[in-house]
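So you know, we letter chains A, B, ... as the sequences are listed, proteins then strands, and number each from 1.
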There are 6 protein chains.
Amino acid sequence: MISCGDTRVLCSATIEEKAPPFLKGSGQGWVTAEYGMLPRATNSRNRREAAAGKQSGRTQEIQRLIGRALRAGVDRRALGERQIVIDCDVIQADGGTRCAAITGGWVALRLAMNRLLKAGIVTTDPIMDHVAAVSCGIYAGQAILDLDYAEDSEAGTDGNFIMTGAGRLIEVQMSAEGATFSRPEMNQLLDLAEAGVAALVRAQTEAVQCAG
Amino acid sequence: MISCGDTRVLCSATIEEKAPPFLKGSGQGWVTAEYGMLPRATNSRNRREAAAGKQSGRTQEIQRLIGRALRAGVDRRALGERQIVIDCDVIQADGGTRCAAITGGWVALRLAMNRLLKAGIVTTDPIMDHVAAVSCGIYAGQAILDLDYAEDSEAGTDGNFIMTGAGRLIEVQMSAEGATFSRPEMNQLLDLAEAGVAALVRAQTEAVQCAG
Amino acid sequence: MISCGDTRVLCSATIEEKAPPFLKGSGQGWVTAEYGMLPRATNSRNRREAAAGKQSGRTQEIQRLIGRALRAGVDRRALGERQIVIDCDVIQADGGTRCAAITGGWVALRLAMNRLLKAGIVTTDPIMDHVAAVSCGIYAGQAILDLDYAEDSEAGTDGNFIMTGAGRLIEVQMSAEGATFSRPEMNQLLDLAEAGVAALVRAQTEAVQCAG
Amino acid sequence: MISCGDTRVLCSATIEEKAPPFLKGSGQGWVTAEYGMLPRATNSRNRREAAAGKQSGRTQEIQRLIGRALRAGVDRRALGERQIVIDCDVIQADGGTRCAAITGGWVALRLAMNRLLKAGIVTTDPIMDHVAAVSCGIYAGQAILDLDYAEDSEAGTDGNFIMTGAGRLIEVQMSAEGATFSRPEMNQLLDLAEAGVAALVRAQTEAVQCAG
Amino acid sequence: MISCGDTRVLCSATIEEKAPPFLKGSGQGWVTAEYGMLPRATNSRNRREAAAGKQSGRTQEIQRLIGRALRAGVDRRALGERQIVIDCDVIQADGGTRCAAITGGWVALRLAMNRLLKAGIVTTDPIMDHVAAVSCGIYAGQAILDLDYAEDSEAGTDGNFIMTGAGRLIEVQMSAEGATFSRPEMNQLLDLAEAGVAALVRAQTEAVQCAG
Amino acid sequence: MISCGDTRVLCSATIEEKAPPFLKGSGQGWVTAEYGMLPRATNSRNRREAAAGKQSGRTQEIQRLIGRALRAGVDRRALGERQIVIDCDVIQADGGTRCAAITGGWVALRLAMNRLLKAGIVTTDPIMDHVAAVSCGIYAGQAILDLDYAEDSEAGTDGNFIMTGAGRLIEVQMSAEGATFSRPEMNQLLDLAEAGVAALVRAQTEAVQCAG
C-alpha cells in the first residue's frame, strides 16, 4: 500500500512461471501491470468498469504506462522466461494515481524479485535501478509538485515524469490543459521532478527494508 | 471495512437523489449493491473482471443477493424516491465473502440513513431492523460456523443464512457439495446460524456507534 | 418436453466425448446445463438474449443451478471423462421454470445415460438417484405448491427445493419477498415440497418408460 | 407452428403501439423479425447464440430477410404508427428454415392484423397479399423443391424465392455452390418455385381459418 | 483501387501459408474477404464500426458474399492448403460498393495468384475464370445499369448479379423495394447485367496487365 | 490526404450542429477525433478492429491525443455549441502515423472552420494558431527527425512533440525504449522538433491555399 498525500494505491506482484507467447524461446521475461480504481475512490462515485463491460481508454493507457515504466528498470534476460504481473488498485484517489502506482508497483516488483533471488530461481538480480514517478504542473502561474485533484483540474500545464534512481529519464509526458507552455516552463517542471523522484527513491528503499 | 476471520471487505454507500426508472412516481426508493474482488484477494491471482470485459455469473449472483437482502430490512416508502448504492469490494478473501459483504453493507447503509435523517431529507427512519448473514456448513461430519476457504472447499454441505436482528429469516440457501443432506442436519445448521447472526448484530451496533 | 401447469420446457441432452479442461486426466465426467426462454414464452414479449448480446444474470444463475442439481445425482467417476450438456428451453412460462427445467432435464439425462449403457460405452450406471425440484411459497397466508406466475409475484415467501428420489436435500433456496418468515413457516414449506417431489419422481419414471 | 418436411418453426407476432424512431411522425408502421434456432434443432448441437454473446452473421442476414419479405406484402400506411415483431424460432431444422420462417411468419402477421381489425384499431386491412417462400435447388442434375438438409449440402445450385399470392416476385436469391449455373437452369428453378409457392399460399389460407 | 462512377474501393490480397482449421489435411485452400467503409465514404458521416464495437449485419453479409463469389472462380485444390484474404475498403461510396469490391477483389486475387505461380509455390493456376459483379435496377420504370446512390434509393427493384468471364451465373440477388416485380422485368435486368459484366471483364484484364 | 515519407493518412472533418451533452448550455464547442488504420496499411496485415469487436488501447490512446492536440489550438467559445469530428484513416503506414494525423487533421479542421466562417455560422475565427506534430528519436546514437518504421523500432528513445505555429508546446511525450535518456539528449530532440514543426506549418499553409 503506497500513500502520496490522500492518494492510496494497493500494489501487489504475482509471479507466473510462463512468459507471454511472443517471448517463447527468447530467454527473456516480461513485466506487465493491471490498474483499477474502486468506484468510491473519488469523491463522487465512478461507474464500475467490470459492470460497464470494458476498461476505459484511460485505464488501458495507464496500465500500459505502468508496465512500460517498470520494464525500463529490469534486465529481462536476467529474469528469464517468466512474467511478473503488478496489480495496482486505487483505494482512494486525490491526484497522481498513475505516479503512485508506478512508485508503489516498483516496491512490489522489488519484493517479488527478492523472493525469486532468495529461492535461487533467479541468480542475477534483474533489477537494474529504482523506477519512480512524480506528477507536477503549473498551477496559478507556479510550478508545483504532486498536484492534488483540486489543483490538477485547474492546472495550466500538467506533467508526469518517470525516472531511474540515477536520475535518468524513462518517460516524460507534458500536456497543455487550456494554455500552451514554453521551454523555460518545461525546464522548471523538470527540475522540480528530479527533486521529487529523489525523495521517492529514498522512501522506496525504506519500504523494502520494512517489508524485508 | 468489515473483517470476518481473514476476510476483509470494503463497504461504502452512495446516495443518489433519483430512484431507478421503474419506480418513477411510486414514492418508493431502492437499495442496490455492486460487488467486486481485487485480483489478489485470494491466494492465487484471479482474472480482473474489467479486463475480461464482463462480470462473472458468480459476481452478478452475489450482488443481486446483497441488494435483495438489504432491501428486506428497509421501508422503501420511508426512504422516498432515492437510491442507495452499496459498493462491496473484497480486499482479502478467506471464505464467506458474500456474508461479510451483507453484514458490512448494512453498516454502510445504516450510516447513510443516519446522514439523511440528520440532514432532515428523510424524516422517518427507513431501517426496520438489522440485516446480517452467516455462512456455515458441515465439515468432517460436524456443523461449523464461518467456514474458512480450506474448510469451505471440502464441506459436504454449505449454507448461507440471512436474518433480521429479531431472528426472522430473509434468505436461506443450502447446497449439497458432494453429499446430499437430511432435514435434521439442516436444522442443526439453522441453530448455529441463529447464534452467529446474534453475535454479528451486536458487532454492527458497535461499529455504527464508533463511526457515529 | 416437460409440462407443469402451463409451463412447458423442452429438455434435451447432448453427449460430448470430451470432459472440460479442468477434469483432464481425472477419470471423471461432467454434467452442465444451458437455459433459454423464447421471447414469447411469457405474456408480454421479452428481449431476445442473443440480440441483447449477453445472457442476463438471472439466466446464468438458473443454468448454474440446473447443472449443480443434476450433478448431485450423478456418479461422475462412473460416467468417465465425457460431458453431458442439458439444454432447457422454455417454450411457455407460467411460474416455476427452473424447477421444471431440473425435473425435465433429469429425464433427458436418464435417457442419455441409457444410450451410453446400451452402447456399452459406460458399464456402471452413473445415475445414483432421481433429482427433481418443486417451487412453493406462502401466498395469502397459505403454503402452496407450484405457484403459477400470478401467485408467485404476490407470494410473501418463495422457495425452491431440489431433492433426490430418496427424499434427501440437494438444494434449498428460500427468499422473503416483502415479508420475512419464521422457522415454523419454513418447515411447513418443506413438508409440502417433500410431497411434491415424490409425485414428480413417479412422473419421471413414467416418462422414461414411455421414451424407452 | 409451421412444419415443412422435418423442419418445424414456431412463429408468433407481437404488436407494439410504437413505431421505430425513424418513422416518428410519418404515419407509417413497421414489420420486423427476429430469428433464432434452438441448440438442438439440428443433428449435432449448435452453440447457443446468447451464450456466445452475439448473433451470427447468418442469423442477422436471415432476420433482415424475413422482415424485408413480410413488409413487401404490407401497406405500412394502413397499419399506422405501430410495429409488429415476428419471432421465428426453429425447434427442428432439416433445410429451408428461412423459407419456413417467412411462410409461417406471414400467418402470424395475418392473425395479428385480424386482431387489430377486429378491435377497430386498424380500419383498412394492411395486408395486400400473401407472402410465401420456397427453397429449391439443382441436386444430382435435377431441379428439386424443398431440399432437405442432406440434399441441400450437396446441391450444385441453391435458390430461395419469395413471392406474393399473385405470383409476383419479392426476392430472388440464387447461389452456385461448387458449380456455376446457366440461365435455362435458372428458369427451370423459377418454374418449380412458382408451383411451390402456390401450394403454400393455399396452406396459409387454411391455417388462418383454423386459428380464426 | 477500383473506381466505378464515383465509388472507389481499395482492394488488396494477403497470402497466408495456413488454411483455416476446417480444411486441415484436406489439401484445399480458402479465399475469404473482409469489407469496411471509411466513416466519410458517404455524404453524411457513418459511425465507425470499430468504435461501435461490432460489424453491422450489412457488413457481415457483404463480406460473406465477396468471399463466396471469389471462391466460385477458384480451384481450391490447385491453390493448396493456404488462405488468401481479400481486404476491400470503401474510400468513397456512390452505390454498388459490393459489386465494385467483388470486381476489384478479383484483380487483387489474380495478382496474388500470379505471385504464387511466379515463385513456384503453386504450379497449376488456381483461377478458373474471371469473377465480376454488377448492380442494376428498375428506376422510374426503366432498367438501368450501375445505379448511383440517388437512383438506388428510389429504385423499384434492385439486383446484384455475379458472373464468370464465360457468362455463367454465380449469384443472383433481386429484391423488390416498394414494388414487386414480374419475370419479364427480371429477364430484362439479366440481359443488362450480362452486357455490364462483359465490359468489367475487359477492364479487369487491362488492370492486371498494367499491374504486371 | 497528408503524406510524410511513406506514411499516408486520409483526414476529413464533419461538422455536427450539436455539442456533446456535457457542454449543453455552456456556449462552447468541441473538437474530437477518430483514428483507424486499414488492415494492409503496414507491411504485414493487421487484424481489422471492427472484426475484433473493439478498438485497441493504442487506437484509443491515439485518438484521444489527436483530439486533445487540436482542441489546444481552438477557441471553443468562438466555435459555439457545435462539434467537429476529425476522421484520420491511415492508408499506408511507415512510422509517425499519429503525428501525420494531427498535422493533417489540422488542415481538415482549418477548412471546416473556413466553411463555417464563409457561411456566416461562425463570425470570429475559432482557430488561434496552427497545430502540428513531429516524431523524432535517437537512432544509432543520433537524433533523427521523422523516424520511419525500421528506425523507429530500433530507436533508443522515441518522442512526439506537438506545437503551435508560434513554437509553444502543447504536448511532449518522450519514452525510453531499451535505454534511458539524459536531459541533454532530451534538449537535442526538442531542437530538432522545433525545426520540423516549422516546416510542417509552412506545408499546412500551402495545403489550405490549394484546397481553398
Counting only non-hydrogen atoms closer than 4.5 Å, does [X] touch chain B with its backbone (N, CA, C, O), its side chain (CB onward), both, or neither?
| X | result |
| --- | --- |
| C:M186 | side chain |
| C:Q60 | side chain |
| C:Q63 | neither |
| C:S56 | backbone |

Does anything in residues 50-95 of chain C pair up under ring-ring contact (aromatic ring centres under 6.0 Å, His included), and if so which pairs, sequence neighbours excluded?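 Listed once each, the pairs would be none.
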Less than 4.5 Å to any heavy atom of chain C: does that hold for the side chain of B:N160, its backbone, both, or neither?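 Looking at B:N160, nothing touches chain C.
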Determine which residues belonging to residues 64-83 of chain C lie within contact range of chain B, meaning some heavy atom pair is under 4.5 Å apart, and list them by number or answer 'none'. C:R64, C:R68
Enumerate by number any residue of residues 23-32 of chain C whose heavy atoms lie under 4.5 Å from heavy atoms of chain B; in the absence of such residues, state 'none'.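 So far as heavy atoms go, nothing in residues 23-32 of chain C approaches chain B to under 4.5 Å.
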Straight-line distance of [X] [atom1] to [Y] [atom2], nearest 0.5 Å:
| X | Y | atom1 | atom2 | answer |
| --- | --- | --- | --- | --- |
| C:M163 | B:F181 | CE | CZ | 9.0 Å |
| C:S175 | B:I162 | OG | CD1 | 8.0 Å |
| B:Q173 | C:Q173 | CD | CD | 5.5 Å |
| C:M128 | B:T180 | CE | OG1 | 7.5 Å |

Given B:D191 and C:R183, is the side chain to side chain contact (heavy atoms under 4.5 Å, CB included) satisfied, shown in steps? CA-CA 10 Å; B:D191 292 342; C:R183 272 183 78 165; 2.7 Å; yes
Measure across C:L169 and B:A176 and return the closest heavy-atom pair with its distance rounded to 0.1 Å.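 For C:L169 versus B:A176, the nearest heavy atoms are O-CB, 4.1 Å.
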Heavy-atom check, side chain of B:E61 versus side chain of C:R58, under 4.5 Å: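 The answer is no; the side chains never approach within 4.5 Å.
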Would you say the side chain of C:M174 lies within less than 4.5 Å of the side chain of B:M174, judging by non-hydrogen atoms?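 No; the side chains remain at least 4.5 Å from each other.
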Quick one: side-chain hydrogen bond (donor to acceptor under 3.5 Å, both in side chains) partners of B:E34, sequence neighbours excluded? A:R45, A:R48
Interface check, chain C: of B:L190, B:D129, B:T164, most non-hydrogen pairs under 4.5 Å belong to B:L190
